[in-house]
Amino acid sequence: MNNTTAVAWKEIKAYFQTPTAYVVGAMFLILTGIFFVLDATGAFAQASVTGFVVRATNFSILLAPLLTMRLLSEEQKLGTMELLLTAPIRDWEVVVGKFLAAFTALMSTYALTLYYVVLLYWFGNPDTGPVFSAYLGLILYGMTALAIGIFASSLSSNQLVAGVVGFVIVLLLSFINLLGDRLPGAVELFNNLSMNIHFGDFTRGVLDTTHIAYYIAMTAVFLFLAVRSLESRRWR
């Protein structure tokens, strides 16, 4: 765990000592803030935070690849990946450490949006259940998107390519259920794979262990794929 912690701490400092986290976070807050105002027009007593959280998940499709695209691709571009692979550190420790750093940056951004929730409680009386479950769903959704972004970052030494690949995979898994309209025979399969379908119940205040297990499993799968991608470099 010491190696994982060291990698995570190194990346966390890199996030907050460079403009990356601040620029990406500011973009996210501006966009979510605009839609929060639009969703909360009218009496605050009737305003719901769930609509805002749904918007936040949509923006996370772009946010997660931006936060992760450099994590492994930059190591490959600078040639430091070889040093990591020959150091007394396991591949999974590198991947998990970088994932934890990205997760910390993402949670820091999400935490700033709690200001909107405070406003809703100050001026209105929203239902606490859906607020809690919606944020839990948002965290799980973001966690999965980060794992996908790290996997994409392991595939290329070009940050832009890694970001685009991560964005496309997250976008596809988010809206794959829409393909069910064109392929009726695979509706159930696409719904089970869709990140958005599994997110829906969270916004209604429903905590279903099936949905929680889905996000955890998808996160584990893509982190595993990232580890395997690093391992394959030893044979190149």
Side-chain angles (χ1 to χ4, degrees), residues 20-21 23-36 38-39 50-73 95 98-99 102-103 105-107 109-110 113 134-184 186-203 211-226 228-229:
T20 303
V23 172
V24 173
M27 289 170 53
F28 180 79
L29 290 175
I30 290 172
L31 291 172
T32 53
I34 291 172
F35 283 100
F36 171 77
L38 295 176
D39 288 337
T50 56
F52 151 71
V53 174
V54 170
R55 305 283 191 181
T57 60
N58 292 334
F59 293 131
S60 295
I61 295 174
L62 178 61
L63 177 64
L66 287 175
L67 288 174
T68 57
M69 64 183 186
R70 70 167 189 83
L71 290 178
L72 293 173
S73 61
V95 170
K98 289 179 179 292
F99 170 77
F103 186 72
L106 185 67
M107 290 306 101
T109 304
Y110 283 169
T113 67
Y135 262 90
L136 175 60
L138 177 62
I139 291 171
L140 291 170
Y141 191 105
M143 181 177 71
T144 302
L146 288 176
I148 294 171
I150 289 177
F151 167 64
S153 182
S154 72
L155 299 176
S156 173
S157 60
N158 188 304
Q159 293 187 37
L160 181 59
V161 171
V164 171
V165 171
F167 172 75
V168 170
I169 297 175
V170 176
L171 186 67
L172 177 62
L173 284 177
S174 295
F175 297 99
I176 195 172
N177 57 294
L178 298 180
L179 294 177
D181 297 334
R182 299 183 179 276
L183 300 171
V187 171
E188 185 175 353
L189 172 63
F190 289 148
N191 285 346
N192 288 335
L193 290 175
S194 173
M195 292 171 65
N196 281 351
I197 290 294
H198 286 281
F199 179 74
D201 279 347
F202 288 102
T203 63
H211 302 318
I212 296 174
Y214 163 82
Y215 285 112
I216 293 175
M218 291 293 282
T219 300
V221 165
F222 279 99
L223 290 180
F224 172 77
L225 291 175
R228 297 296 293 178
S229 177

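Residue numbers count from 1 along this sequence.
When atom types are taken as modelled, the side chain of S156 and the backbone of A152 share no donor-acceptor pair closer than 3.5 angstrom.
Taking every heavy atom of both residues into account, I150 and F99 meet most closely at CD1-CA, 3.3 Å. The heavy-atom pair separating I197 from S194 by the smallest distance is N-OG, 3.2 Å. Shown here for L155 and S229, the closest heavy-atom pair between the two residues is CD2-OG, 3.9 Å. Among all heavy-atom pairs drawn from L160 and N158, the shortest one is N-OD1, 2.9 Å. Here the closest non-hydrogen pair linking K98 and L72 is CD-CD2, 3.5 Å. The two residues M143 and L106 come nearest to each other via the heavy atoms N-CD2, 4.4 Å.
Annotation: side chain of F175 is in contact with side chain of N196 (closest heavy-atom distance under 4.5 Å). Annotation: side chain of F28 is in contact with side chain of T113 (closest heavy-atom distance under 4.5 Å). Considering only heavy atoms from C-beta on, H211 stays 4.5 Å or farther from L140 through its side chain. With a 4.5 Å cut-off on side-chain heavy atoms, L225 and F222 count as touching.
S174 and Y141 are linked by a side-chain donor-acceptor pair at a separation below 3.5 angstrom, with hydrogens and angles left out of the test.
By the side-chain contact (heavy atoms from CB on, under 4.5 Å) test, A162 is found to be paired with M69, S73, S153, residues two or more places apart in sequence or in another chain being considered.
Atoms CG and CD1, on L171 and I176 in that order, are 11.0 Å from each other to the nearest 0.5 Å. Note that CG of L189 and CG of L193 are 5.0 Å apart. Values are rounded to the nearest 0.5 Å. Going from atom CG of L63 over to atom OG1 of T68 covers 9.0 Å, rounded to the nearest 0.5 Å. From I139, atom CD1 reaches atom CZ of F202 across 10.5 Å, with rounding to the nearest 0.5 Å. Here CE of M195 is found 5.0 Å from CD1 of I148. Values are rounded to the nearest 0.5 Å.
Partner of F103 under the side chain to side chain contact (heavy atoms under 4.5 Å, CB included) criterion, chosen from L67, T219, L146: L146.
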Show your reasoning for whether side-chain contact (heavy atoms from CB on, under 4.5 Å) applies to L173 and M218.
CA-CA 10 Å; L173 284 177; M218 291 293 282; 3.6 Å; yes
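When ring centroids are compared, F199 and Y215 stay outside the 6.0 Å threshold.
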